[in-house]
Amino acid sequence: MKKLLCLILLFVGFACDQNQVPKEFVGLEQMSVLVEEISVLEAYYQSTYGVPGQYKEALDKAVEKTLKKHNCSFLKFKKSVYYYATHPELQALLNESTMTRLSRKI
């Protein structure tokens, strides 16, 4: 019985750790805020200018300003995007969180 209990606790422990983001990457909550704000910026520039060549520089500056506001470097954000992309369970949580945040604003 003790072995079974230990085994169950071990599985629960590993399951919880899978949703933890290492400290060198942006955490789930902050990443959700960043993705939300950057998605809104991209939608604004796309609907206003239409052609990416016309707004790329302005969008890049707006993204940099957003990242600076949240004390996040572009490099850390970029590495975090790749990290989430390679961890489907975290990417799903990020997508769900971001969609929830955006739907509350509508």
Side-chain angles (χ1 to χ4, degrees):
M1 184 67 170
K2 286 184 182 182
K3 288 182 182 181
L4 180 61
L5 182 59
C6 287
L7 188 61
I8 291 171
L9 290 176
L10 186 64
F11 281 125
V12 170
F14 280 122
C16 292
D17 286 345
Q18 289 177 350
N19 291 335
Q20 296 297 321
V21 177
K23 291 182 182 182
E24 64 265 22
F25 302 107
V26 178
L28 183 62
E29 185 64 28
Q30 184 182 14
M31 190 68 170
S32 178
V33 171
L34 291 171
V35 170
E36 171 199 352
E37 291 185 21
I38 291 170
S39 295
V40 169
L41 286 170
E42 288 177 330
Y44 167 76
Y45 282 98
Q46 177 66 33
S47 66
T48 303
Y49 300 103
V51 180
Q54 292 181 335
Y55 64 81
K56 183 179 180 342
E57 187 176 323
L59 176 60
D60 289 345
K61 287 180 182 178
V63 169
E64 280 290 335
K65 186 176 179 181
T66 299
L67 292 172
K68 186 176 182 180
K69 178 176 83 171
H70 292 282
N71 299 316
C72 182
S73 70
F74 180 76
L75 182 60
K76 184 175 182 178
F77 178 74
K78 185 177 176 180
K79 287 180 179 181
S80 298
V81 167
Y82 289 123
Y83 178 80
Y84 281 88
T86 59
H87 293 82
E89 67 284 346
L90 286 173
Q91 184 68 52
L93 289 172
L94 175 61
N95 292 345
E96 182 179 329
S97 177
T98 304
M99 293 305 293
T100 300
R101 294 173 92 62
L102 286 168
S103 68
R104 288 181 183 155
K105 291 188 174 187
I106 294 177

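Reckoned from all heavy atoms, side chains included, excluding hydrogens, waters and symmetry mates. Residue numbers start at 1 and run along the sequence shown.
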Rounded to the nearest 0.5 Å, how far does CD of Q20 lie from CG of L90?
9.0 Å
Is there a continuous path of hydrophobic side-chain contacts, each under 4.5 Å between heavy atoms, that joins V21 to V33?
no
Taking 4.0 angstrom as the limit, do E64 and K68 come out as a salt bridge?
no
How long is the span from the CD atom in E29 to the CG atom in L93, to the nearest 0.5 Å?
11.5 Å
Determine the minimum heavy-atom distance between C72 and Q30, stating which atoms define it.
CB-NE2, 4.3 Å
Side chain T66, main chain A62, donor-acceptor under 3.5 Å
yes
Does atom CD of E57 have more than 12 heavy-atom neighbours from other groups under 6.0 Å away?
no
Report whether Y84 and F74 are members of the same hydrophobic cluster (ILVMFWY, side-chain heavy atoms less than 4.5 Å apart, transitive linking).
yes
Shortest non-hydrogen separation from I38 to L67 and the atoms involved
CD1-CD2, 4.3 Å
Looking only at non-hydrogen atoms, find the nearest pair between Q91 and A85 and report the distance.
OE1-N, 3.5 Å
Can you run down the side chain to side chain donor-acceptor pair (under 3.5 Å) pairs that involve residues 40-49, sequence neighbours left out, and say none if there aren't any?
Q46-Y55
Consider only side-chain heavy atoms of I, L, V, M, F, W and Y, link residues closer than 4.5 Å, and tell whether L102 and V63 are in one cluster.
no
Working to the nearest 0.5 Å, report the span between CG of L28 and OG1 of T98.
8.0 Å
Among residues at least two apart in sequence or on other chains, which ones pass ring-ring contact (aromatic ring centres under 6.0 Å, His included) with F25?
Y83
With side chain to side chain donor-acceptor pair (under 3.5 Å) as the rule and sequence neighbours excluded, what pairs involving residues 70-81 come up?
E37-H70
